[in-house]
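Note that this is a predicted model, so its numbers are computed, not measured.
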Amino acid sequence: MQELDYAGIGMRIRKARKEKGMSQDELAKECGICISFMGHIERGTRRMSLETFANICMILESDAGELLMGTPKLSDHTLEMVWNKTAGKKESYEMYVSIMKSVAEIMGRA
């Protein structure tokens with residue numbers, strides 16, 4: 001079983017917060033925690049509850065997998081664009097096989 005990298009989780013939370021244009025204090029208040037604890041979360045020096053993590057995900061409109069493991073979730077629009085660009089092409093089969101092998105490899109690491 002893979003251990004969680006709390007420093008990495010904190011860095012991804014900080015990045016998502018900054019991309020959202022929020023201060024640490026704003027995010028902390030919306031989560032119902034103190035700014036000091038939010039700082040610890042972002043530095044990876046303290047562990048948060050599942051409830052706090054869920055609140056962070058909702059407030060930042062971020063995917064939990066992306067914040068936890070750094071694995072971005074592809075949007076439905078992105079997947080549809082890839083599908084439409086490759087439909088009917090000879091090399092599509094090989095590409096899909098390659099993608100599935102990559103997904104299987106990633107899932108094996110989780």
Using a 3.5 Å cut-off and no angle test, enumerate the donor-acceptor pairs between side-chain atoms of residues 50-58 and protein atoms at least two apart in sequence or in another chain.
from  : atom 1 : to    : atom 2 : distance (Å)
Thr52 : OG1    : Ser49 : OG     : 3.1
Asn55 : ND2    : Glu51 : O      : 3.4

**Study point:** Verdict with reasoning, His40 to Ile33, per side chain to side chain contact (heavy atoms under 4.5 Å, CB included)
**Key:** CA-CA 11 Å; His40 280 287; Ile33 61 175; over 6 Å; no
Any residue meeting side chain to side chain donor-acceptor pair (under 3.5 Å) with [X], in chain and number order, not counting sequence neighbours:
X: Lys15; result: none
X: Lys29; result: Asp25
X: Ser36; result: none
X: Glu42; result: Arg14, Arg17, Gln24

Exercise for review: Mind checking side chain to side chain contact (heavy atoms under 4.5 Å, CB included) for Arg47 and listing every partner two or more places apart, or none if nothing turns up?
Suggested key: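 Side chain to side chain contact (heavy atoms under 4.5 Å, CB included) list for Arg47, sorted by chain: Tyr6.
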Exercise for review: Report the residues that fulfil side chain to side chain contact (heavy atoms under 4.5 Å, CB included) with Arg12, sequence neighbours left out, ordered by chain and then residue number.
Suggested key: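 In terms of side chain to side chain contact (heavy atoms under 4.5 Å, CB included), with neighbours along the sequence ignored, Arg12 is linked to Ile9, Leu67.
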Review point. If you group Ile, Leu, Val, Met, Phe, Trp and Tyr by side-chain heavy-atom gaps below 4.5 Å, do Leu60 and Leu68 land in one group?
Key: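 Yes, Leu60 and Leu68 fall within the same hydrophobic cluster.
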Practice item. Is it possible for you to say whether Phe37 and Ile59 belong to one hydrophobic cluster, with membership spreading through side-chain heavy-atom contacts below 4.5 Å? Key: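 Yes, it is one cluster - the side chains of Phe37 and Ile59 are joined through contacts under 4.5 Å.
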Review point. Within a reach of under 6.0 Å around CE of Met22, are more than 12 heavy atoms found that belong to other residues, nucleotides or ligands?
Key: yes
Exercise for review: Enter the distance from Ile35:CD1 to Leu27:CG here, rounded to the nearest 0.5 Å.
Suggested key: 10.0 Å
Practice item. Please name all residues satisfying salt bridge (charged side-chain N to carboxylate O under 4.0 Å, His left out) with Lys20, sequence neighbours left out, ordered by chain then number. Key: Glu61
